[in-house]
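In what follows, a structure is listed as structure tokens, so that the remarks can point back to it.
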Amino acid sequence: MWPEILLRLASGQARYSIPEEQAEGSFVGNIARDLGLDLGRLVAGKARIITKEDRQFVDLKRDKGTLVVKERIDREELCGKTTPCSFSFDIILENPIQLYRVTVEVVDINDNSPSFPQSEINIKIAENAVVGTRFSLENADDSDVAINDIQSYALRPSNDFKLEIQSQPGGPKFIEMILQKPLDREREESLTLMLIASDGGEPHRSGTVRIHISVLDANDNAPVCTQPVYKVDVPENSPAGTVIIRVSANDADAEREESLTLMLIASDGGEPHRSGTVRIHISVLDANDNAPVCTQSVYKVDVPENSPAGTLITTVSANDADAGLNGDVTYSTPHVTKEEEQLFHVNVKTGEIKLTGLLDFEKSKNFQLKVQASDQGGYSDTCKVIVNILDENDNVPTIKLMSFSQSIPEDSPPGTTVAVFNVYDEDSEGNGVVKCSINDDVPFKIESSLTGYYTIVTENVLDRESIPEYNVTITVSDQGSPPLSSSKNINVKISDVNDNLPEFHQSEYIKTVPENNTPGFSVFTVSGSDADWGQNARMSYFLEEKEVNGAAVSSFVSINSENGVIHAVKSFDYEQIKSFDFNVTARDSGSPPLSSVATVRILIQDQNDNAPQVLYPVQTGGSLLAEMVPRSADVGYLVTKVVAVDVDSGQNAWLSYKVHKATDRALFEVGLHNGEIRTVRQVTDKDAVKQRLTVVVEDNGRPSRSATVIVNVAVADSFPQVLSEFTDLSMHDKEYNDQLTFYLVLALAVVSFLFITCLLLIISVKVYRWRQSRVLYHSNLPVIPYCPPRYSDTLGTGTLPHVYNFEVCRTTDSRKSDMKNMQAMSQSLVSVDGADTDMLHVNKELLTLVCCELHSIPF
């Protein structure tokens, strides 16, 4: 297990350090403890990891609050030679939204060995190369970093050469092999060396390359004749061109030397002395004894990124003091990486360096090329070309939503987080500086949290009833020239909160209901509305408990809780109650529920359901009352007054009086509206003493109702005369009543006789059918049942209030049919024939086994 894990926690950030190549599931850190978070908060907040890259190296165990390795991490693949190597991610929690930045540093382990680009290096060196001449060698490469990277080089054997390593600040190391003593091709034509590169890691790793050196010959030896004296005999007269002898000489050098001019003089011995001369010209060939020299040791050039392929970067040049072929210089880049080889090309003859690929400032900000100038004799010089990449505004800022609440409650306080997003621009400096904004017509604002992270929070109070949703446009632009920008649209819905009371369409309802209504009658409907939505707007209606005339209001009316329809529980009577008030409560289904109250006033409308009642004259059964009118009464004499009342109201209680029947219509009249009976003419002696008036009292309702009163009037001057006349009238009435009683008794006797006769007849029929059934049960004839559809008369349309069912079983022999009395419709068993009681009380299960036809027979 790796030693103690490093942690740095500050301002919602945590940093861990783990070695590369850890197995999947390896422990990284206890993030819950280090961030001070409860495990329940991690679970309830749906804590999760958000990364910019597609790959996620670390996983979060919410139930344990720990971070573990999700997949193998290769530091060299992740960061290359960059050190320190780390990756970052964010942990986000919801409700409320919280954001934490976590950085994990990947520590290098020594899992790579140094390696050279080639397995063998070939070098040509002139034997007259001076001591101290430097020869550049290719570096080894080790993907590891720090102590695990290459720490030393060794050359074996090291008799003729030594190694020297040159380090460039911020750049690669250069290895040079330096000649320590002169070479002698004649003594040794080639050398083989071994270059060893070693790192400093544990376990120790190394890589090797073989160096093969070819020693080039130099003109450092004079010719030597094979014999100092040659003797030969030649016959005279030998023809011209005869070969006398062949002389030879050896030269250890590889080339001839023709670089001198001589004068050959031939002298005789006569007097005067004479001589002759000839000029001898010897051409001396150049020896490669000068190395090329670069005109500049370092070239610096700035190149904009995205420059097209073929762009000339710079031209390197070198001078060689030698002439001819020894002065021809060629250029190459023997020590380049694969990336540099794909991006740059050096012209061998001219030294021009051109682009062959696209430069990307975001990948590499500069390159250092080592250009080698070489002649044909093995001499070389190197110069460094530093290529700085200039950033261009070629990357559009990107917006990535890290967390987004599609719906927020309307009662959210200002500062409530709506969304968290990350903005990233791969450009640098001003090209990578971004500015975020949102549209102005929304009640939100942007706040910056961590670097590159922004939150959208509420700025004002929200009201779903005014605006139920908002379209928010996030715009991000950089400060490049020209500036680049991008945008993203999100839709934020405002969820409803039960913050509005139900409202009735009217604060007070007044409804008129006619009396004598049927129970359950729909009186009217109260209705309201709620500005909220969903369950918060679902209204229910209730009656407030209240007493009306000593009884609960619920005994008068009821209300449908769903639709607010008010029903009359009973029939109203205007004469008992003319109006009543009650309250209806409308309550929504929110939490907590809100309610409002409306007042309902029910006015009972009078109906003409009461006939007038005569108060005077009083109608009695045992005595007769009469009004006495003297014969001397003048026209308009007030005989009496009919007094009547009607308990109805309004026009239903407006009474009118008229004479329906009278002994002498010409003698009396009744007031239409006051019921006063007055004489119409002068009373004479011819007028009968006994006068009888039938007065009808009628109300003004629709339809009208009436009452009748009989007024007896005696036209006489003395009381005895009146008494004798009305006594005869009383006896006549008594005889009439006696006759009426006789007729009533006679009618009752006739009805009783008819009822008894019918009862006896029915009993006789039942006895006869019972005997027929007994014969059928003792018959041996096969019974073929006939079962028509079942029929039952449940309305009881007969003369008696009960309906009885009979089972009729029929056979091919009509004489053997049977009829059995079954249960009545009231489910009780009725015995019609007392002699067959046991047979008629049949169990229901037994009845289902018989195919029968049920007929409804009134009994």
Side-chain angles (χ1 to χ4, degrees), residues 81 112-127 129-144 149-183 188-200 205-216 288 291-294 297-299 316 318 329-341 344 346 348 351 367-386:
K81 301 294 285 188
N112 293 283
S113 298
S115 61
F116 289 92
Q118 301 175 356
S119 61
E120 185 175 292
I121 299 175
N122 294 313
I123 301 176
K124 294 180 180 181
I125 303 175
E127 63 177 331
V130 297
V131 175
T133 302
R134 296 173 177 271
F135 301 94
S136 178
L137 300 178
E138 292 186 78
N139 293 9
D141 179 63
D142 192 331
S143 299
D144 297 323
D149 199 358
I150 298 173
Q151 300 298 314
S152 63
Y153 288 91
L155 190 64
R156 300 287 185 272
S158 58
N159 298 330
D160 299 317
F161 298 91
K162 69 176 182 178
L163 285 179
E164 186 173 306
I165 301 176
Q166 296 182 359
S167 298
Q168 301 285 340
K173 296 179 179 180
F174 294 103
I175 306 172
E176 291 184 329
M177 186 175 62
I178 303 174
L179 182 65
Q180 293 189 104
K181 62 181 182 180
L183 299 176
E188 193 172 13
E189 294 184 355
S190 63
L191 299 172
T192 301
L193 306 177
M194 186 69 70
L195 180 61
I196 303 171
S198 303
D199 61 25
R205 295 176 180 271
S206 62
T208 61
V209 63
R210 187 182 301 276
I211 301 175
H212 181 72
I213 299 175
S214 297
V215 181
L216 301 180
N288 190 23
V293 178
C294 292
S297 60
V298 178
Y299 292 82
V316 297
V329 179
T330 59
Y331 303 91
S332 63
T333 52
H335 312 303
V336 293
T337 63
K338 291 182 179 180
E339 182 183 7
E340 293 171 341
E341 186 178 2
F344 304 100
V346 178
V348 177
F367 294 94
Q368 293 188 13
L369 303 178
K370 188 176 181 182
V371 180
Q372 179 174 293
S374 305
D375 61 15
Q376 302 298 319
Y379 289 103
S380 63
D381 190 16
T382 58
C383 59
K384 184 167 61 174
V385 178
I386 300 175

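These numbers were taken from a predicted model, which means no experiment stands behind them.
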- About how many Å separate NZ of K124 and CG of L216, when rounded to the nearest 0.5 Å? 6.5 Å
- Pair K81-D149, salt bridge (Lys or Arg N to Asp or Glu O under 4.0 Å): steps then yes or no: CA-CA 10 Å; K81 301 294 285 188; D149 199 358; 3.0 Å; yes
- Message: So R210 and S119, do their side chains get closer than 4.5 Å, heavy atoms only?
- Response: no
- Message: Can you give me the closest heavy-atom contact between A318 and A373, atom names plus distance?
- Response: CB-CB, 3.6 Å
- Query: Sub-3.5 Å donor-acceptor pair from the side chain of D199 to the main-chain atoms of R205, do we have one?
  - Reply: yes
- Heavy-atom donor-acceptor pair, Q372 side chain to T333 backbone, under 3.5 Å: no
- Query: How far does SG of C294 sit from CG of D381, to the nearest 0.5 angstrom?
  - Reply: 4.0 Å
- Item | Side chain to side chain, V371 and Y299, heavy atoms closer than 4.5 Å | no
- When rounded to the nearest 0.5 angstrom, what is the spacing between CG in L195 and CG in L137? 6.0 Å
- Task: Please tell me if the side chains of I213 and M177 come closer than 4.5 Å, counting only heavy atoms from C-beta onward.
- Result: yes
- Query: Can you tell me how far the OG atom of S214 sits from the CD1 atom of I125, to the nearest 0.5 Å?
  - Reply: 9.0 Å
- Message: Tell me whether E341 at atom CD has more than 12 heavy atoms from other residues, nucleotides or ligands lying less than 6.0 Å away.
- Response: no
- Item | Any side-chain heavy-atom pair of D160 and Q180 under 4.5 Å | no
- Item | Student check: side-chain heavy atoms of V131 and P182 closer than 4.5 Å | yes
- Query: Counting N and O atoms only, with roles assigned by atom type, does the side chain of Y331 sit under 3.5 Å from a partner on the main chain of S374, one being a donor and the other an acceptor?
  - Reply: no
- Output for pair (I178 CD1, R134 CZ), nearest 0.5 Å, gives 3.5 Å
- Message: For a 4.5 angstrom cut-off between non-hydrogen side-chain atoms, does I211 reach L155?
- Response: yes
- Flag the pair L193 / P157 as yes when at least one side-chain heavy-atom distance between them is below 4.5 Å, and no otherwise. yes
- Query: Going through the checks in order, is the side chain to side chain donor-acceptor pair (under 3.5 Å) test met by S297 and K384?
  - Reply: CA-CA 6 Å; S297 60; K384 184 167 61 174; over 6 Å; no
- Query: When you check the side-chain N and O atoms of N112 and D144, is any donor under 3.5 Å from an acceptor?
  - Reply: yes
- Note on the structure: Minimal heavy-atom distance between Q118 and V209, with the atoms involved, is O-CG2, 3.1 Å
- Specify the closest pair of heavy atoms between P117 and N139, including all atoms of both residues, with the distance to one decimal. CD-O, 3.4 Å
- Query: What are the two closest non-hydrogen atoms of K181 and L179, and how far apart are they?
  - Reply: O-CD1, 3.2 Å
- Query: OG/S152 to CD1/I165 distance, rounded to the nearest 0.5 angstrom?
  - Reply: 7.0 Å
- Can you list the steps and then say if E188 with V215 is a side chain to side chain contact (heavy atoms under 4.5 Å, CB included)? CA-CA 8 Å; E188 193 172 13; V215 181; 5.9 Å; no
- Query: Where do S206 and S113 come nearest, in terms of heavy atoms and distance?
  - Reply: O-CB, 4.2 Å
- Note on the structure: Residues F116 and G207: closest non-hydrogen pair is CE1-O, 3.4 Å
- May I ask you to test the F135-T133 pair for a side-chain heavy-atom distance under 4.5 Å? yes
